[in-house]
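Because the structure is predicted, anything quoted here is derived from the model rather than measured.
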Amino acid sequence: MIFGMVLCSVGFAVNLYYCIVNGARNAVDPIYPILQYVLMFFVTIVLFALLLSILLFSCYIVDGKTFKTKFGFITSKYDVEKIYEVTLDRKTNKLTVTFENGEFIVIVVKQEWYNDFIDAVLKANPKIEYSINSLENDKKDDKK
């Protein structure tokens with residue numbers, strides 16, 4: 001995220017430099033350079049804002065009957081009652097949330113948050129199966 005924000009800043013600075021140095025005065029049709037500069041400013045600003053919002057405002061919320069994921073401006077809602085299983089994969093340190101229809105989402109959070117997330121989901125729906133893929137073998141260590 002930080003690398004992307006640096007690239008956006010560099011792109012903005014380079015575009016600003018060319019806008020100041022060249023401008024639209026040397027072009028046969030001044031509309032094209034103006035559109036080019038405006039588009040580059042717009043793209044770099046929007047991408048920077050999106051990456052910054054993802055970096056600062058990403059979270060997972062279990063709120064009663066819904067499970068929400070927020071990645072900056074992008075928000076998704078899921079019904080906790082439709083969650084079939086939550087699997088912790090120790091090899092990849094990711095949580096996989098599987099729904100009744102077979103669809104799944106992969107969650108990557110700090111290891112310290114695993115238990116809080118799992119407790120909140122199980123509190124909202126005690127029917128959810130919780131399993132751990134251990135490092136020692138490929139078999140699942142099941143818990144409920």
Solution key, residues 43-55 side-chain donor-acceptor pairs under 3.5 Å, sequence neighbours excluded:
from, atom 1, to, atom 2, distance (Å)
T44, OG1, M40, O, 2.9
T44, OG1, F41, O, 3.1
S53, OG, A49, O, 3.3
S53, OG, L50, O, 2.8

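- No single ILVMFWY cluster, assembled from side-chain heavy atoms under 4.5 Å apart, contains both Y32 and V21.
- Heavy atoms from other residues, nucleotides or ligands lying under 6.0 Å from CD of E81 number more than 12.
- Both I105 and I132 are assigned to one and the same hydrophobic cluster, defined by single-linkage of ILVMFWY side chains at heavy-atom distances under 4.5 Å.
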I would like to know whether D116 and Y60 meet side-chain contact (heavy atoms from CB on, under 4.5 Å); could you show each step before the answer? CA-CA 11 Å; D116 295 337; Y60 303 94; over 6 Å; no
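- I107 CD1 to T87 OG1: the interatomic distance, rounded to the nearest 0.5 Å, is 11.0 Å.
- Hydrophobic clustering (ILVMFWY, side-chain heavy atoms < 4.5 Å, transitive): I34 and F42 are in distinct clusters.
- Not one N or O on the side chain of N133 forms a donor-acceptor pair closer than 3.5 Å with the backbone of R90.
- Counting non-hydrogen atoms of neighbouring residues, nucleotides and ligands closer than 6.0 angstrom, the CZ atom of F12 exceeds 12 such neighbours.
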Assess whether side-chain contact (heavy atoms from CB on, under 4.5 Å) is satisfied between I118 and L95, documenting all intermediate values. CA-CA 9 Å; I118 292 164; L95 289 167; 3.9 Å; yes
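- A ring pair (Phe, Tyr, Trp, His ring centres under 6.0 Å) check over residues 86-129, counting only residues at least two apart or in different chains, returns the pairs F67-F117, Y78-F99.
- If you chain together hydrophobic residues whose side chains sit under 4.5 Å apart, I61 and V86 never meet in one group.
- Considering CD of E103 and CD1 of I83, their distance stands at 12.5 Å, rounded to 0.5 Å.
- When the shell of 6.0 Å around CG of L56 is examined, it contains more than 12 heavy atoms from other residues, nucleotides or ligands.
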Stepwise, does the side-chain contact (heavy atoms from CB on, under 4.5 Å) test hold for V80 with K65? CA-CA 5 Å; V80 174; K65 301 287 181 187; 5.6 Å; no
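- Rounding to the nearest 0.5 Å places CG of L88 at 8.5 Å from OG1 of T96.
- A continuous path of Ile, Leu, Val, Met, Phe, Trp and Tyr side chains, each step under 4.5 Å between heavy atoms, connects Y17 with I20, placing both in one hydrophobic cluster.
- E100 contributes atom CD, which lies 12.5 Å from atom CD of E85 (distance to the nearest 0.5 angstrom).
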Give the intermediate values and the outcome of side-chain contact (heavy atoms from CB on, under 4.5 Å) for residues F57 and F73. CA-CA 8 Å; F57 303 112; F73 302 123; over 6 Å; no
